[in-house]
Amino acid sequence: MTNAEVAACFEELADLLELEGANPFRVRAYRNAARTVAGLAESVETLVDEGADLTELPGIGKDLAEKIACIVHTGTLPQLEELRAKYPTGVLDMLKIPGLGPKKVAVLFRELGIQTLEELRAAAEAGRIAGLRGFGKKTEQSILEGIEHLQTAIARVYLAEAMPVAEAIREDIASLDCVDKAEIAGSFRRRKETVGDLDLLVTSTDSERVMDRLAENEFVEKVLQRGETKQRVRLRMGLEMDLRVVAPESYGAALAYFTGSKEHNIVVRRRGQERGLKINEYGVFRGEKRVGGKTEEEVYAAIDLPWIPPELREARREFEWAEQGRLPKLIELRDIRGDLHMHTTATDGTATIEEMIQGAKARGLRYIAITDHSKRVTMANGLDATRLRKHWKDIDRVRGRISGIDVLCGVECDILEDATMDLPDDVLAEAEFVVAVLHYGLKLPREQITRRLLTAIENPYVDAIGHLTGRLIGRRPGADVDYDTIMKAAADNGVMLEINAHPSRLDLDDLHAMQAAYDYGIPILINTDAHSVGGLDVMQFGVFQARRGGLEKRHVANTKPLK
DNA sequence: GCCGTTTTCGGCCCGACTGTTTTCAGTCG
Ligand SMILES: Nc1nc2c(ncn2[C@H]2C[C@H](O)[C@@H](COP(=O)(O)OP(=O)(O)OP(=O)(O)O)O2)c(=O)[nH]1
Ligand SMILES: [Mg+2]
Ligand SMILES: [Mg+2]
Ligand SMILES: [Zn+2]
């Protein structure tokens with residue numbers, strides 16, 4: 001039972017309770033529990049087995065602690081099963097339609113007995129929905145469009161994919177004379193690995209002009225919603241964008257609001273309440289009087305906290321840290337000196353040794369390791385001992401004529417399904433850098449995954465483990481890694497763990513990078529795994545993930561000089 | 001359902017947009 005699975009139970013229960021018309025704060029408690037569990041680096045299953053006191057976790061009381069234990073032991077909750085029996089899964093599907101929330105879905109289910117999206121479509125087409133209390137012709141029409149849209153709607157988008165579009169739109173809006181500031185906020189500013197939409201904050205005294213300009217932008221397909229201060233549009237790429245326009249004096253408060261996260265905002269506002277203040281997107285108010293909000297610093301100062309970096313604003317540990325003046329000084333891209341994982345045309349890269357070295361040098365790196373694939377990765381033309389030794393000779397020749405950057409003859413060695421290394425020790429011993437990885441057999445049971453990873457970690461020639469779980473964000477889950485065992489072994493054996501910076505990997509993720517660095521003292525590497533010169537530019541995404549995990553420069557080995 | 005040196009009961013963030021409504025509920029950010 002993974003943390004994600006436990007969290008999913010609570011999420012589903014929250015949705016079902018909402019349909020039942022339960023107390024919204026009780027529903028929130030379940031959602032908070034889901035978030036707490038999902039945000040835990042340690043496995044709740046282990047915690048339960050060890051008899052840990054779960055009520056020490058934020059938002060988990062006696063009741064929820066028992067429910068967690070019940071889910072871990074039985075896979076579900078009696079209460080959840082009862083509600084599932086009452087509301088078929090198709091009812092929950094209806095909640096995905098924009099504009100349909102728990103109240104409306106409950107009406108459709110109760111009054112018309114609608115249980116699936118198909119039945120909902122039929123009812124709307126037959127005109128049976130308009131006329132229900134709270135439903136009219138427009139709602140009926142928007143339901144039909146909503147069902148249609150669900151079929152083609154895109155999932156969350158990689159931050160890296162959203163970035164060029166976001167930046168282009170931001171610049172266009174910023175070029176208007178009436179615009180003071182334009183910033184992308186939301187999950188984008190918090191540097192989450194994927195974004196559900198883009199949130200553009202603009203300060204201006206002419207919101208009409210700003211909204212018109214966005215509506216005309218070449219990336220925009222359609223205006224979905226428009227009011228006095230905000231507009232929602234759908235971009236041609238499928239992603240949607242929220243535009244919020246406020247007056248310049250509200251910049252800080254609005255940026256804080258729109259950056260979120262939602263849960264972070266709730267804590268900020270609660271701390272405001274406790275101090276007799278009201279905090280909203282327009283400012284900080286004592287009664288009618290505005291007492292701050294021009295900058296984010298003012299907002300945080302009003303609740304007796306230092307400014308908190310956006311990457312940490314997830315209502316995890318940041319308030320505790322800020323309160324104690326222990327906010328980490330987060331690593332920055334410019335701290336990175338080396339990149340110890342990349343490929344060339346020797347295997348599945350598209351650039352030569354020389355091009356990769358020059359590319360790295362042009363990006364200001366002082367050292368790199370060239371780590372082409374080992375033979376098991378036949379698809380990528382992986383190298384056997386003979387070809388690898390020849391490749392290293394080639395690298396050695398090229399590095400000899402390029403000054404200003406150190407180049408290591410490395411290898412990305414597969415950890416085979418039978419828990420042996422893809423290359424013999426005598427070859428690995430000759431390597432100047434070895435990053436060991438799982439590529440195949442990711443679905444093997446936890447015990448075998450552990451055995452394989454331990455083989456690599458205990459191998460004297462392995463320097464680091466790359467993309468530990470092998471997850472591909474939004475496409476496939478990673479291997480079932482026993483983090484505690486693996487991290488303890490890595491710490492004991494002096495093996496580093498990688499944050500693979502590729503936008504679809506980011507593996508280690510933020511939570512486990514934090515666990516490795518803070519709980520186990522394991523040096524972290526942030527590597528690009530570049531397969532082309534341009535691939536070296538993804539380093540920033542690895543740094544973002546590290547920042548979200550609270551990592552400082554000191555935690556990251558490739559900020560240090562090559563020894 | 002959680003939580004607390006102001007509370008162990010009674011709060012729980014705050015506001016915009018839409019559509020349905022005759023004054024506001026629902027949904028969403
Ligand atoms: N105070 C407050 N702010 C909210 C609430 N919901 C959303 N926000 C703020 C914080 C969010 O980061 C910001 C943008 O909302 P989004 O729905 O786009 O969420 P976000 O960008 O965080 O994640 P996303 O990747 O879009 O799913 O609006 C809320 O219920 N209360
Ligand atoms: Mg967003
Ligand atoms: Mg949004
Ligand atoms: Zn690689």
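Chain naming here is simple, since letters A, B, ... match the order of the sequence lines and numbering starts at 1 in each.
- Taking the C1' atoms as reference points, B/dC3 lies 9 Å from B/dT8, given to the whole Å.
- Heavy-atom nearest nucleotides on DNA chain B were determined for A/Thr229 and for A/Lys103, and the one closer to the 5' end corresponds to A/Thr229.
- Nucleotides B/dC17 and B/dG10 are separated by 37 Å at their P atoms, to the nearest Å.
- The side-chain contact (heavy atoms from CB on, under 4.5 Å) search around A/Gln79 returns A/Leu13, A/Leu17, A/Arg26, A/Tyr30, A/Lys67, not counting sequence neighbours.
- The partner of B/dT8 cannot be assigned: no Watson-Crick or G-U wobble pair with both contacts below 3.5 Å exists in any strand.
- Ion pair A/Glu183/A/Arg189 not flagged as a salt bridge, since none of the NZ, NE, NH1 or NH2 atoms sits closer than 4.0 Å to an Asp/Glu carboxylate oxygen.
- If you check distances only, the side chain of A/Tyr257 does reach the base of B/dG29 with a donor-acceptor pair under 3.5 Å.
- Here the separation of B/dC13 from B/dG4, taken at their P atoms, is 14 Å to the nearest Å.
- Judged purely by atom type and a 3.5 angstrom limit, A/Arg547 has no side-chain atom pairing as donor or acceptor with the backbone of A/Arg191.
- Taking a 4.0 Å limit (strictly below) on heavy-atom distances, residues 66-84 of chain A reaches DNA chain B at A/Lys67.
- Distance A/Arg31 CZ to B/dG1 P: 15 Å, rounded to the nearest Å.
- Near DNA chain B, meaning a heavy atom under 4.0 Å from it, residues 182-206 of chain A has A/Asp199 in order of number.
- In this structure the side chain of A/Asp510 never reaches within 4.5 angstrom of the side chain of A/Glu314, judged on heavy atoms.
- Scanning both residues, A/Thr55 and A/Ala65, for their nearest heavy atoms gives CG2-CB, 3.8 Å.
- Spacing between B/dG15 and B/dT20 at atom P, rounded to whole Å, works out to 26 Å.
- Within residues 92-99 of chain A, the residues that have a heavy atom under 4.0 Å from DNA chain B are, in order of number, A/Ile97, A/Pro98, A/Gly99.
- Distance noted for atom P between B/dT21 and B/dG26: 12 Å (whole Å).
- Distances were taken from every side-chain heavy atom of A/Arg244 (C-beta onward) to each of B/dG1, B/dT18, B/dA16; the shortest belongs to B/dA16.
- Between A/Glu274 and the options A/Lys278, A/Arg270, A/Arg271, a salt bridge (charged side-chain N to carboxylate O under 4.0 Å, His left out) holds for only A/Arg270.
- For A/Asp199, the side-chain contact (heavy atoms from CB on, under 4.5 Å) partners at least two apart in sequence or on another chain are A/Asp197, A/Asp242, A/Phe258.
- Between A/Val179 and A/Val245, the closest side-chain pair of non-hydrogen atoms is not below 4.5 Å.
- Among B/dG26, B/dG1, B/dT20, the nucleotide with an atom closest to any side-chain atom of A/Thr139 is B/dT20.
- Between the side chains of A/Asp206 and A/Ser204, no donor N or O sits under 3.5 Å from an acceptor N or O.
- Remark: side-chain polar atoms of A/Glu318 are paired, donor with acceptor, to backbone N or O of A/Ala315 under 3.5 angstrom.
- Across the P atoms, B/dC28 and B/dT23 are found 25 Å apart, a figure rounded to whole Å.
- A/Tyr87 and A/Phe109 have tilted rings, their planes meeting at an angle from 30° to 60° on a 0 to 90° scale.
- Atom name P, nucleotides B/dG11 and B/dT7: the rounded distance is 14 Å, in whole Å.
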Please list, for nucleotides 3-13 of chain B, all pairs of protein and nucleotide N/O atoms separated by less than 3.5 Å.
from	atom 1	to	atom 2	distance (Å)
B/dC3	OP1	A/Gly59	N	2.9
B/dC13	OP1	A/Arg28	NH1	2.6
B/dC13	OP1	A/Arg28	NH2	2.7
B/dC13	OP2	A/Arg28	NH1	2.7
B/dC13	O2	A/Arg269	NH1	2.8

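- The side chain of A/Asn280 approaches B/dG15 more closely than any other nucleotide in the set B/dG19, B/dG15, B/dG1.
- Within the 4.5 Å cutoff, the side chain of A/Asn32 has no heavy atoms near those of the A/Leu64 side chain.
- Between A/Phe135 atom CZ and B/dT21 atom C1' there is a gap of 14 Å when expressed in whole angstrom units.
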